[in-house]
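Beneath this line is the structure, given in structure tokens, with notes to follow.
Side chains are part of it too, since the values below use all heavy atoms of this structure and drop only hydrogens, waters and symmetry mates. This structure is a prediction, so every number in the text was calculated from the model and none was measured. Chain A is the first sequence line, chain B the second, and so forth, proteins listed ahead of strands; every chain is numbered from 1.
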Amino acid sequence: MREMDKAFDFRMAQTRWYEVWEASRAFEAAPDSGREPWSIVIPPPNITGNLHMGHALVNTLHDILTRFKRAQGFDALWVPGTDHAGIATQMMVERQLKAEGTDRHALGRDAFEKRIWAWKEKNQGAIEHQLKRLGCSVDWTRNRFTLDPALSRAVRKVFVESFKAGRIYRGPRMIQWDPALQTALSDLEVKYEERRGKLWYLRYPLVDGPVNGVTEVVVATTRPETMLGDTAVAVHPHDERFQEMVGKLLEHPLTGRRIPVVADPFVDPAFGTGCVKVTPAHDPNDFAAGQRLKLDSITIIGFDARMTAAAGPYAGLDRFEARKRVVADLDAQGFLVKVEDYTHKISLSDRSGAVLEPLVSEQWFMNVREAAAQALEAVRDGRIAFTPEHHGAVWEHWLTNIQDWCISRQLVWGHRIPAWTCDACSRLHVELEAPAACGCGSTRLTQDPDTLDTWFSSALWPFSVFGWPDQTAELRRYYPTSVLITGYDILFFWVARMAMAGLTWMGEVPFRKVYFNSLVRDASGQKMSKTKGNVIDPLEVMEEYGTDALRFSLAIMAAPGTDIAMSAARLEASRNFCNKLWNASRFVQMNLDDSITLATTPEFGEAEYWMIGRMRDSLSAVTKALEEFRFHEASDLLYHLVWDDFCAAYIELAKVQLLSGTAGQKAAILHFLDILLRALHPFVPFLTEEIHEAVIAPRLPEGEPALLAQRTWPLDEPTLQATGGDPTLIPRFQEVLSALLRLKAEQGVDPAKRVPAFCSLLELAPFTEALKSIARLDSVSFTGDELTTPTRAVALAAGGAVALELAGLKDPIAEKAKLEKELAKLEKELEPLRARLADDSFITKAPEAAVAKLRGQAEEKEQRLAQVQALLGA
RNA sequence: GGGCGUAUAACUCAGCGGUAGAGUGCUACCUUCACACGGUAGAAGUCCCAGGUUCGAAUCCUGGUAUGCCCACCA
């Protein structure tokens with residue numbers, strides 16, 4: 001049998017087990033097993049990705065649940081996979097090309113796409129390898145990629161049928177254009193940022209002379225360059241100041257073009273001058289107003305963010321350069337009234353960081369109103385349950401106000417839109433496969449160059465991974481998935497869209513429960529960011545503290561609805577915990593010989609019955625906590641079960657027995673360790689598997705799987721059902737032990753100095769040896785006689801008293817001070833108890849149990865008070 | 001402008017109707033034959049503030065303060 005080292009070598013353990021698990025096929029689903037299915041799909045990481053703390057958390061929680069469910073006897077399936085991540089990946093490769101002095105245009109579309117595929121093949125392994133290092137028990141035989149042929153077929157099917165149903169359409173709309181990436185974005189990919197800017201006040205003269213003595217209109221704008229595309233100036237219809245202006249013509253200061261004053265309620269009379277310039281081609285509000293009022297639209301900024309020919313002398317200038325020139329020209333010609341400092345929000349690309357340009361462009365959109373209504377209903381009626389629940393409010397708000405989704409991207413990397421235009425007759429064909437010919441007879445058809453938003457394929461993930469649109473056995477068995485675990489930051493991007501897609505295409509929710517995991521922050525609660533330099537790399541943590549310590553730290557801090565502050569202190573605590581379990585196991589191993597196995601009938605005494613009771617209570621609480629996603633509670637319970645109950649209490653007691661123990665006593669502790677390992681395994685799989693190999697595996701009964709990863713959840717273990725003994729006895733023993741130790745400390749007795757002790761609790765006599773060895777006493781005498789003598793120090797414990805014989809050692813002053821301190825403490829504690837028990841309204845109105853409980857507490861304290869007083873009097 | 005969180009020991013956080021808990025840190029002591037990544041004893045809190053409900057509130061309600069996040073077209 002393998003000897004265990006003095007400290008847990010996590011570096012060794014965490015590198016050797018994954019291969020064994022994978023080879024044993026322990027993580028593979030068993031669709032034919034007849035067991036109840038339980039399924040979960042991974043939030044597919046980007047192929048460009050590296051494991052960060054967010055991944056580490058979400059996948060640790062996935063793994064805990066999956067291993068737990070598998071152990072409970074479910075046919076547990078965790079489907080892994082990766083996302084092609086359109087923009088992110090394309091950017092990565094473009095950056096590479098730039099370094100090589102070329103770009104995608106020079107390369108050509110096909111070559112560029114091939115290049116990205118090559119890059120994907122080379123790099124995809126990284127994130128998968130990192131998931132393995134984390135211990136993720138995914139079923140690799142079902143690994144998926146969003147651009148797999150099967151998943152692409154699902155994408156095309158959804159696109160084509162949505163188009164035919166009229167939910168997908170193409171048209172010119174105002175979209176958010178990213179000039180850096182040269183693509184449209186969806187509203188969700190826009191981030192707003194406060195910037196200090198200016199507010200320019202511009203003068204637009206009236207063409208037909210003064211109105212009520214006023215010769216001009218003044219407008220305020222943050223983007224003066226767009227005035228080149230102005231086609232009106234608007235006022236609020238009820239603004240009395242401008243009633244007579246409406247309908248009059250103004251002369252455009254720079255172009256001389258004549259534009260009308262119009263009235264529209266979108267104008268806020270209280271802002272600026274109450275007049276606003278209208279540029280339908282370059283502002284979403286103005287675009288909408290332009291549609292309502294049938295205004296002209298003049299595009300003066302192009303897709304390259306440079307001024308167009310329509311901008312006249314400014315053509316070709318960058319939009320920001322044009323701004324300076326426009327302002328200078330207006331100023332020179334006397335059209336600039338004033339400039340104010342002004343802080344406002346500008347829209348930036350979430351991806352490139354570029355300042356976005358609202359532009360009118362031909363794009364594909366998806367109307368999701370109907371699907372949104374269904375998704376809304378599914379949460380309202382509980383078919384999907386959120387943890388924490390408050391995310392339902394956000395869900396409600398967003399889905400109620402949802403806008404059409406811009407799904408086309410001007411990218412190469414992604415699902416190409418399955419739409420072809422006939423070169424001859426311009427007819428549009430939206431089909432699953434390229435049509436051979438157009439109805440007009442032409443065989444020359446050109447496919448739409450655009451690809452779909454990455455989230456379009458992600459939305460189908462919970463059913464596309466199971467082979468949809470084919471009605472596969474897997475799809476029937478594992479859809480809907482049992483749980484979704486993900487960050488709340490992608491509630492709209494992903495969760496809502498999966499819900500909508502699932503309800504639309506499967507007619508059923510994609511998951512029954514959603515657990516939103518926390519955000520991992522740094523030790524001081526700051527968001528991690530590269531610029532702040534406070535990013536904690538999980539891979540480094542695994543090297544320094546161990547994967548199990550990382551997992552346990554994440555789990556024990558994962559209280560629903562609160563963020564996680566990851567700190568070195570917490571990681572150390574977890575590492576120490578792992579080492580504690582390791583050493584407890586080592587102790588067990590050292591005390592067993594090969595003849596003791598799990599088949600050896602265990603013998604239970606008081607200590608064992610107590611330990612069994614503790615395990616039974618804790619493990620049923622752990623089970624319940626896991627069912628309800630209270631990972632922190634489950635971890636905390638196990639932490640204290642192992643450290644306080646098993647190590648500090650039980651093992652210390654068992655040491656006395658094991659020295660001269662019977663086989664049955666040794667078998668008992670072996671069973672206990674076995675149970676604890678099985679319960680801890682979902683949390684700290686490498687550590688527990690390593691211990692299991694050394695201590696348990698050689699002692700397993702016939703037919704039990706040799707790998708801990710394949711064994712069962714221990715809650716129903718026969719050992720845990722055993723009852724007997726007096727459940728209050730061990731707690732009393734602990735109190736007595738603690739009182740004796742405290743006496744020694746208070747009296748300044750060297751801990752190693754063995755003195756005689758006395759105890760009035762006769763029922764603890766069987767624990768004489770334990771008390772002697774743990775408290776390091778000379779002897780312990782159990783007696784009904786008065787304990788107090790002039791040479792002894794006395795303390796109260798567990799309703800009785802203990803004493804130390806300190807002839808020549810006792811410090812009478814310390815003794816008296818101690819007793820007086822205790823007296824004061826008791827008096828202080830009793831004061832409110834007495835007051836409440838004297839309160840009639842409490843006695844009559846509070847539930848009986850509460851009163852009885854309080855009364856019990858008071859009585860116990862009164863008794864102790866009397867004892868202390870007696871000791872002081874003596 | 002709306003919506004949602006959070007405020008508890010020096011720090012990071014649990015608890016969320018019956019008079020305060022954990023981990024780390026701190027103080028003193030202990031190398032006792034599983035573990036110093038350990039053990040023993042100990043100090044440490046107007047549970048943000050003000051009202052209210054209740055026999056009783058850190059816990060529920062209202063208002064405030066601080067702080068964080070999300071959504072929204074104020075030029």
**Asked** In terms of side-chain heavy atoms of A/Thr221, which of B/A22, B/A75, B/C13 is nearest?
**Response** B/A75
**Request:** Just call it for A/Ala584: base, sugar-phosphate, or nothing, with non-hydrogen atoms closer than 4.0 Å on any strand.
**Result:** base
**Pair assignment for B/U40, Watson-Crick or G-U wobble, requiring both distances under 3.5 Å** = B/A28
**Message:** So, taking the atom named CD1 in A/Ile596 and the one named CG in A/Asn591, what distance separates them when rounded to the nearest 0.5 Å?
**Reply:** 10.5 Å
**Item:** C1' atoms of B/C61 and B/G39, separation to the nearest Å
**Value:** 48 Å
**Message:** Using a 6.0 Å cut-off, check whether atom NZ of A/Lys191 has over 12 heavy atoms from anything other than its own residue.
**Reply:** yes
Under 3.5 Å, which N/O atoms of the protein pair with N/O atoms of nucleotides 35-39 of chain B?
residue : atom : partner  : partner atom : Å
B/C35   : O4'  : A/Asn583 : OD1          : 3.0
B/C35   : O4'  : A/Asn583 : ND2          : 3.4
B/C35   : O2'  : A/Asn579 : ND2          : 3.2
B/C35   : O2   : A/Lys580 : NZ           : 3.0
B/C35   : N3   : A/Lys580 : NZ           : 2.8
B/C37   : O4'  : A/Arg575 : NH2          : 3.3
B/C37   : O4'  : A/Asn576 : OD1          : 2.8
B/C37   : O2'  : A/Asn579 : ND2          : 3.2
B/G38   : OP1  : A/Asn576 : ND2          : 3.1
B/G38   : O3'  : A/Lys580 : NZ           : 3.0
B/G39   : OP1  : A/Lys580 : NZ           : 3.0
B/G39   : OP1  : A/Trp643 : NE1          : 2.7

**Fill in**
Side-chain atoms of A/Val394 come closest, of B/G68, B/C70, B/U24, to B/C70
**Request:** Using side chain to side chain donor-acceptor pair (under 3.5 Å) as the criterion, list what pairs up with A/Asp286, not counting sequence neighbours.
**Result:** none
**Prompt:** With a non-hydrogen cut-off below 4.0 angstrom, is A/Lys772 in contact with a base, only sugar-phosphate, or nothing?
**Reply:** nothing
**Request:** Sticking with atom C1', work out how far B/U46 lies from B/A9, rounded to a whole angstrom.
**Result:** 13 Å
**Asked** When you compare B/G51 with B/U12, how far apart are their C1' atoms, in angstrom units rounded to a whole number?
**Response** 32 Å
**Request:** Would you mind telling me which of B/G18, B/G5, B/C74 lies closest to the side-chain atoms of A/Phe271?
**Result:** B/C74
**Item:** Complementary nucleotide for B/U6 - Watson-Crick or wobble, under 3.5 Å
**Value:** B/A66
**Item:** G-U wobble or Watson-Crick pairing nucleotide for B/A58 (cut-off 3.5 Å, both distances)
**Value:** none
**Pairing partner of B/A22 (Watson-Crick or G-U wobble, both distances under 3.5 Å)** = B/U12
For nucleotides 41-44 of chain B, tabulate all protein N/O to nucleotide N/O atom pairs closer than 3.5 Å, reporting atom names and distance.
residue : atom : partner  : partner atom : Å
B/A41   : OP1  : A/Ser738 : OG           : 3.3
B/G42   : OP1  : A/Arg742 : NE           : 3.1

**Asked** Hey, is CZ on A/Arg855 packed in by over 12 heavy atoms from elsewhere, all under 6.0 Å?
**Response** no
**Request:** Can you tell me the distance, in whole Å, between the CG atom of A/Asp268 and the P atom of B/A75?
**Result:** 10 Å
**Message:** Less than 4.0 angstrom between a side-chain N/O of A/Tyr192 and OP1 or OP2 of B/C70, yes or no?
**Reply:** no
**Request:** For nucleotides B/A44 and B/C4, find the distance between their C1' atoms and express it as a whole number of Å.
**Result:** 35 Å
**Message:** When both hydrogen-bonding distances must be under 3.5 Å and the geometry is Watson-Crick or G-U wobble, what is B/G1 paired with, if anything?
**Reply:** B/C71
**Message:** Under 3.5 Å for both donor-acceptor distances, Watson-Crick or wobble: does B/U46 have a partner, and if so which one?
**Reply:** none
**Asked** Between B/U24, B/C4, B/C55, which nucleotide gets closest to the side-chain atoms of A/Ala393?
**Response** B/C4
**Complete:** Which of A/Arg742, A/Glu735, A/Gln734 passes side chain to side chain donor-acceptor pair (under 3.5 Å) with A/Ser738? It is A/Arg742
**Message:** One pair to check against side-chain contact (heavy atoms from CB on, under 4.5 Å): A/Val642 and A/Leu680. What are the steps and the verdict?
**Reply:** CA-CA 9 Å; A/Val642 167; A/Leu680 258 320; 3.6 Å; yes
**Message:** What's the gap between B/C16 and B/G5 when it is taken at their C1' atoms, as a whole Å value?
**Reply:** 15 Å
**Asked** With sugar-phosphate meaning primed atoms plus P, OP1 and OP2, does A/His640 contact a base, only sugar-phosphate, or nothing at under 4.0 Å between heavy atoms?
**Response** sugar-phosphate
**Item:** Nearest listed nucleotide, side chain of A/Asp636, among B/C13, B/A22, B/U24
**Value:** B/A22
**Item:** Spacing of the P atoms in B/C13 and B/C69 (rounded, Å)
**Value:** 14 Å
**Prompt:** So which one's nearest nucleotide on RNA chain B is more toward 5', A/Leu188 or A/Ile774?
**Reply:** A/Ile774
**Message:** I'd like to know if A/Arg241 pairs up with A/Asp239 as an ion pair, taking the criterion as any Lys NZ or Arg NE/NH1/NH2 lying under 4.0 Å from an Asp or Glu carboxylate oxygen.
**Reply:** yes
**Request:** Using whole Å, report how far CG of A/Leu777 lies from C1' of B/U32.
**Result:** 13 Å
**Item:** Whole-angstrom distance between B/C71 and B/U53, as gauged at atom C1'
**Value:** 34 Å
**Face-on cation placement of A/Lys655 at A/Phe587 ring, 6.0 Å and 45° thresholds** = yes
**Request:** May I ask you to say what A/Tyr201 touches in the nucleic acid, namely base, sugar-phosphate or nothing, with a heavy-atom cut-off under 4.0 Å?
**Result:** nothing
**Per A/Ala573 side chain, nearest of listed nucleotides B/C71, B/G23, B/C55** = B/G23
**Item:** Interatomic distance at P, B/A58 relative to B/G17, whole Å
**Value:** 13 Å
**d(CG, A/Asp778; P, B/U32) in whole Å** = 19 Å
**Message:** Let's see if you can work this out: which of B/A34, B/G18, B/C73 has an atom nearest to the side-chain heavy atoms of A/Asn285?
**Reply:** B/C73
**Prompt:** If you round to the nearest 0.5 Å, how far is CG of A/Leu57 from CZ of A/Arg551?
**Reply:** 11.5 Å
**Asked** Does the cation-pi check pass for A/Arg497 over A/Trp405, that is, NZ or CZ under 6.0 Å from the six-membered ring centre and within 45° of its axis?
**Response** yes
**Message:** So if I take every side-chain heavy atom of A/Arg570 and compare against B/G5, B/A34, B/A22, which nucleotide ends up nearest?
**Reply:** B/A22
**Message:** Within the structure provided, determine whether A/Phe492 and A/Ile402 are in side-chain contact (heavy-atom separation under 4.5 Å).
**Reply:** no
**Request:** Check whether any side-chain N or O of A/Thr343 sits under 3.5 Å from a backbone N or O of A/Arg196 as a donor-acceptor pair, and report yes or no.
**Result:** no
**Message:** Need to verify one output field. Residue with the more 5' nearest nucleotide on RNA chain B, A/Glu633 or A/Gly272?
**Reply:** A/Glu633
